[in-house]
> 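The structure's right below; bear with me while I get my questions together.
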Amino acid sequence: MKFFADTAEIAEIRELAETGLLDGVTTNPTLVHKSGRDFIETIREIAAICPGPVSAEVVALDHDGMMREADILRAIAPNITIKVPLTSAGLKACRALTDGGTMVNVTLCFSAAQALIAAKAGATFISPFVGRHDDVGFNGMDLIADIRMIYDNYDFATQILVASVRHPMHVVEAAKLGADVMTAPPKIIHQLYKHPLTDNGIASFLKDWEATGQKIG
Ligand code: E4P
């Protein structure tokens, strides 16, 4: 499973990149707003830090506007992935961009039918939002299972990018279902390796080691 960081904060991305755990980055207009920084400049910096796919979202709602914005964004770096919404115009832009050799992330997916049509439009990634799905009383993971089954039935190459991840169990459940990628805020990626029994074990081993009076080297 690939790990993408869902953030526009350069320091967080740099820290994760240094761990070797970072396979890509996703951003959206809300995350850019939170960063308080210039969009194009931020995407350029992220793409230089992370060699994997970096999603930059268009904000136009019509096909021509999306294509104009995509042209500006994809010129930033070869690893830019254009993020388009799951609408008719977004799907049309997805097909045009994919045919032109650009990676596309189709975002705001909330149904298996939407995921099926995004795959037919040639999406590189489909982004089902599991957390927001849970928020309105559906089980986001059921959606991931359905999409996995559909994509496997037809050998679609579109990668399932689990988004709107809210806690480590979302990551574990998505991995069990065979999702290709998950994107999460860096805080959640760091939570994945934390366990109180690991901390307790380290503390007791260190205490016993000190009692031996030895040193390594
Ligand atoms: C994914 O690409 C989105 O940026 C993101 O996962 C949305 O998450 P949220 O529902 O926590 O805003």
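Note that ligands are numbered from 1 as they come in the structure, with each ligand's atoms numbered from 1 the same way.
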> Could you check atom 7 (C) of ligand 1 against the protein and tell me its nearest heavy-atom contact, residue, atom and distance included?
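Of every protein heavy atom, Phe129 CE2, 3.6 Å lies nearest to atom 7 (C) of ligand 1.
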> Do any heavy atoms of Glu57 fall under 4.0 Å from ligand 1?
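It does not; every heavy atom stays at 4.0 Å or beyond.
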> Report yes if Thr27 has an N/O atom closer than 3.5 Å to an N/O atom of ligand 1; otherwise report no.
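Among all N and O atoms of Thr27, none is under 3.5 Å from an N or O of ligand 1.
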> Using distance only, find each side-chain donor-acceptor pair of residues 190-198 under 3.5 Å and give its atom names and separation, not counting sequence neighbours.
residue	atom	partner	partner atom	Å
His190	ND1	Tyr193	OH	2.8
His195	ND1	Leu197	N	3.0

> With respect to Arg166, determine whether any N or O atom, backbone or side chain, lies less than 3.5 Å from an N or O atom of ligand 1.
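N/O-N/O distance below 3.5 Å exists for this pair.
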> Within a distance under 4.0 Å of any heavy atom of Ala163, pick out the atoms of ligand 1 and give their elements.
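Numbered from 1, ligand 1 contributes 1 (C), 6 (O).
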> In ligand 1, which numbered atoms sit nearer than 4.0 Å to a non-hydrogen atom of Lys83?
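Here the atoms of ligand 1 in question are 1 (C), 2 (O), 3 (C), 4 (O).
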> Flag yes if more than 12 heavy atoms outside Leu21 fall under 6.0 Å of its CG atom; otherwise flag no.
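Yes, the 6.0 Å shell around CG holds more than 12 heavy atoms from other groups.
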> Please could you name the atoms of ligand 1 that Asp6 approaches to less than 4.0 Å, counting only its heavy atoms?
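So the answer, numbered in order with elements, is 1 (C), 2 (O), 3 (C), 4 (O), 5 (C), 6 (O), 7 (C), 8 (O).
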> Tell me if the CD1 atom of Ile76 is crowded by more than 12 foreign heavy atoms within 6.0 Å.
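Counting neighbours around CD1 of Ile76, more than 12 heavy atoms of other residues, nucleotides or ligands fall under 6.0 Å, so yes.
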> Tell me whether Asn28 has any N or O atom under 3.5 angstrom from an N or O of ligand 1.
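Yes.
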> Just to verify, which of Thr7, Leu161, Val181 counts as forming a side chain to side chain contact (heavy atoms under 4.5 Å, CB included) with Thr26?
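Going through the options one by one, the only one that passes is Leu161.
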> If I apply the N/O under 3.5 Å rule, does Thr107 come out as touching ligand 1?
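Min N/O separation from ligand 1 is not below 3.5 Å for Thr107.
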> Return the residue, atom name and 0.1 Å-rounded distance of the protein heavy atom closest to atom 12 (O) of ligand 1.
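In this structure, atom 12 (O) of ligand 1 has Arg132 NH2, 2.8 Å as its nearest protein heavy atom.
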> I'd like to know if the side chain of Asn105 pairs up with that of Ser127 as donor and acceptor (distance under 3.5 Å, no hydrogens or angles considered).
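Yes, side-chain donor-acceptor contact under 3.5 Å.
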> Can you check whether Met66's main-chain N or O pairs, donor with acceptor, with His63's side chain at less than 3.5 Å?
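Side chain of His63 to backbone of Met66, a donor-acceptor pair under 3.5 Å: no, none is there.
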> According to side-chain hydrogen bond (donor to acceptor under 3.5 Å, both in side chains), who are the partners of Glu173, at least two apart in sequence or on a separate chain?
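Expected list: none.
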> Should Arg166 and Arg132 count as side-chain neighbours, where that means a heavy-atom distance under 4.5 Å?
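They are in side-chain contact.
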> Looking only at N/O atoms, are Ser164 and ligand 1 under 3.5 Å apart anywhere?
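There is such a contact, yes.
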